[in-house]
2 protein chains.
Amino acid sequence: MPSPRRPTITDVARHAGVSKGAVSFALNGRPGVADSTRARILDSARELGWVPDHRAQALSRSRAMAMGWIIARPARLLGADAFFPLFLAGVETRLSEVGRALVLHVVEGGPDAEAAVYRRLAAGRVDGVFLTDLCANDPRFDLVERLQIPALAVGRPCDPQRLPWVGVDDGTGALAAVRHLVELGHRRIAHVQGVPGLVHTTSRRCAWETGLREAGIPLGPMVTGNFDGLQGAEATRSLLAWDPRPTAIVYASDLMAIAGMQVLAAEGIQVPGNISVVGFDDVAVARLLHPPLTTVRHDVMAWGRAAASSLLAITDGEEPTTGWLDPAELVIRDSTAPPPKPLHTITAKD
Amino acid sequence: MPSPRRPTITDVARHAGVSKGAVSFALNGRPGVADSTRARILDSARELGWVPDHRAQALSRSRAMAMGWIIARPARLLGADAFFPLFLAGVETRLSEVGRALVLHVVEGGPDAEAAVYRRLAAGRVDGVFLTDLCANDPRFDLVERLQIPALAVGRPCDPQRLPWVGVDDGTGALAAVRHLVELGHRRIAHVQGVPGLVHTTSRRCAWETGLREAGIPLGPMVTGNFDGLQGAEATRSLLAWDPRPTAIVYASDLMAIAGMQVLAAEGIQVPGNISVVGFDDVAVARLLHPPLTTVRHDVMAWGRAAASSLLAITDGEEPTTGWLDPAELVIRDSTAPPPKPLHTITAKD
DNA sequence: TTGTACGCGTTATCAA
DNA sequence: TTGATAACGCGTACAA
């Protein structure tokens, strides 16, 4: 059996008795082809089972029909990341609608390795890139400019003029969390922040500070966690050593909060009876915990969709939508409650 | 400022004073070019900052230099999936090593929409595809054959002759879980299975049945869950209504187990005091729960790496590694313990 | 509508 | 052995 070579546009042209150009016009729905001819061409294409060759199309259109996302992070951490799969799902659904693919790269090994991947992608592999995990003085801003590759920042860059961006204001949600705790009567509210340097770590911490300040509460203890939850456990233990001990802890991620709750449970500290806990992300298990976790939700899939739309606009030469999407919002469940003692120390019942 | 057009191979050739062909030979490290000439060409390329255009390379080599992974599942579920991010990370690290990209598609909307995406990818967008979420009589086997696109099954297909495959034997781990419970003295061991039809759902359930049979225990109650954890809660409630009530539950996923534990906690049932719980996957939070979850771990990243290696071999015309990787293994933590009552009801001191 | 040059790297052919 | 030349892959776009 001879290997049935995939039909090319030439085969379709011959079959329909027209030229290559006519086929191209007909299939891209452009004027200049008589209706009857167009119908004949479409029939031929269907009959032969012709599908445009992606490589040829990419070359002649000078477009890769794909977007790139480079994640510079130890691959193992992706398993514990709340943002990654949902953002990806959002991006993907949007790109699929217009026949674009997502080219994904996970790169470990420092800025040089990362830059090398950007260079590879810029050489016609993708039409644009998403920049996630923004940090202060992000070197990728220079990089994409030098590489002349369209880019979209996911989150608000420190210099928002430099690049189009789409962000979810997580500060609003974090502030709502602190206000919620203040309303419940908490005066000693600690914070476990995320990886230092990332803009969302900063924005969440600043929101926490703002919340305390507007309530006239001195800044409470703050410790630093990281991507996985393990640091959340350690951070929690160090907070418990504080004197006076915090009555509430605002974590920068659900995973750290979950790890923290385990430490509290192991120490015999009731949540929310003795200490209130707030997470961030609203991961799938958050509502399944005991107690269900009060947390801050952001619609990450919608974020992904919006980011994809913006990047598509950029690469298509249109004006991209840029700025904030719906802000993150507080989801109150059962891990927050009034603090154990009436208010402050004045009722020195201790 | 004139837009500094990216240099082409012709520019390099002119700069080095040789022909296009010579440049191509030199840069691909092939014989037929004098060492001095080769060095001159490489210098020119470096000086001009030339990087081969991916689109042109793909067209002339008739290779996309990318692999495809089509996930036919509601995008929203990716956020709660334990397999997806880790498998992806494993695939990605391997593909990156050889300069290949991963083209990802999430598709909702039934078999037709799915088939359409395979057709698109087969038209030169990728060189091969991963087939995950295998099910009995999987229609994709015919599809990839008809499309003549190299494919690798992730997991053991029902007909393992049909396609190269790489799997992790989760039955071994599930069986170990049941044996562990039997050794602890459990005689009423329930199972919450995953999405019906998937091969791993079947293999886990069969392992549970085998474990019970070899212990001489009649098959206990079994209920069906799904991808997200919510069904795990409902399933657990229905198991609690069983009489006599199970003393242990083996869940087909950690997420369902976590949801189940919340139900148990809400009902005032101690874990593991009253009921033992076993999960599956060993997600990041499993060890962070209270109590830490006994579960079955499979190295999903290694699975991804191995799958990528096999698919690369296939597309490179080599003999792919196929078959089982290291089996899943039981991780005993604190959610399992002897049942509350001595043995059965008869105290049959076998 | 047709014919054909073009995009750009690869490779077969052939001359030196 | 070295290297130039030209055909090739396949869809697009413009002149005719």
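Per chain, numbering begins at 1; letters A, B, ... match sequence-line order.
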Inset, instruction - Could you check whether Val18(A) gets within reach of a base, just the sugar-phosphate, or nothing at all, counting any heavy atom under 4.0 Å? - result: sugar-phosphate
Inset, instruction - Please state whether the phosphate of dC8(C), meaning OP1 or OP2, lies under 4.0 angstrom from any side-chain nitrogen or oxygen of Thr10(B). - result: no
Inset, instruction - Can you establish whether the number of heavy atoms outside Arg63(B) located under 6.0 Å from its atom CZ is more than 12? - result: yes
Inset, instruction - Rounded off to whole Å, could you give me the CZ-to-P distance for the Arg55(A) and dT10(C) pair? - result: 14 Å
Inset, instruction - For the pair Asp11(A) and Arg14(A), evaluate salt bridge (charged side-chain N to carboxylate O under 4.0 Å, His left out) and give the outcome as yes or no after the intermediate values. - result: CA-CA 5 Å; Asp11(A) 297 321; Arg14(A) 187 165 33 228; 2.9 Å; yes
Inset, instruction - Would you mind telling me which residue lines up with the more 5' stretch of DNA chain D, Leu59(B) or Ala34(B), judged by nearest nucleotide? - result: Ala34(B)
Inset, instruction - Could you check whether Thr8(A) gets within reach of a base, just the sugar-phosphate, or nothing at all, counting any heavy atom under 4.0 Å? - result: sugar-phosphate
Legend entry - Interatomic distance, Arg63(A) CZ vs dA13(D) P [rounded to whole Å]: 11 Å
Legend entry - Closest-nucleotide ordering on DNA chain D, the 5'-leading residue of Thr37(B) and Ser62(B): Thr37(B)
Legend entry - Spacing of Ile41(A) atom CD1 relative to dT1(C) atom P, expressed in whole Å: 8 Å
Filtered N/O pairs between nucleotides 11-16 of chain C and protein, under 3.5 Å:
unit_1  : atom_1 : unit_2   : atom_2 : d
dT11(C) : OP2    : Arg30(B) : NH1    : 2.7

Legend entry - Sugar-phosphate only, base, or nothing, as touched by Val33(A) at under 4.0 Å among non-hydrogen atoms: sugar-phosphate
Inset, instruction - Write down the distance between CG (Asp11(B)) and C1' (dG7(C)), rounded to a whole number of angstrom. - result: 13 Å
Inset, instruction - Look at the side-chain N and O atoms of Trp50(B) and state whether any lies under 4.0 Å from the OP1 or OP2 oxygen of dG9(C). - result: yes
Legend entry - Charged N-O contact under 4.0 Å between Asp43(A) and Arg46(A): yes
Legend entry - Polar contact flag, side-chain donor to acceptor under 3.5 angstrom, Arg305(A)-Thr93(A): yes
Inset, instruction - Identify the residue among Val106(A), Val107(A), Asp81(A), Val195(A) that makes a side chain to side chain contact (heavy atoms under 4.5 Å, CB included) with Arg73(A). - result: Asp81(A)
Inset, instruction - Can you label the angle between the Phe84(B) ring and the Trp69(B) ring as parallel, tilted or perpendicular, going by 30° and 60°? - result: tilted
Inset, instruction - Could you tell me the separation between the CG atom of Asp53(B) and the P atom of dC6(C), rounded to a whole number of Å? - result: 18 Å
Legend entry - Pair Ser96(A)-Glu92(A), side-chain donor/acceptor within less than 3.5 Å: yes
Inset, instruction - Look at the side-chain N and O atoms of Gln57(A) and state whether any lies under 4.0 Å from the OP1 or OP2 oxygen of dC10(D). - result: no
Inset, instruction - Check every atom of dC10(D), dG9(C), dT5(D) against the side chain of Ala56(A) and return the nucleotide holding the closest atom. - result: dC10(D)
Inset, instruction - Quickly work out the Ile9(A) CD1 to dG9(D) P distance and round it to whole Å. - result: 15 Å
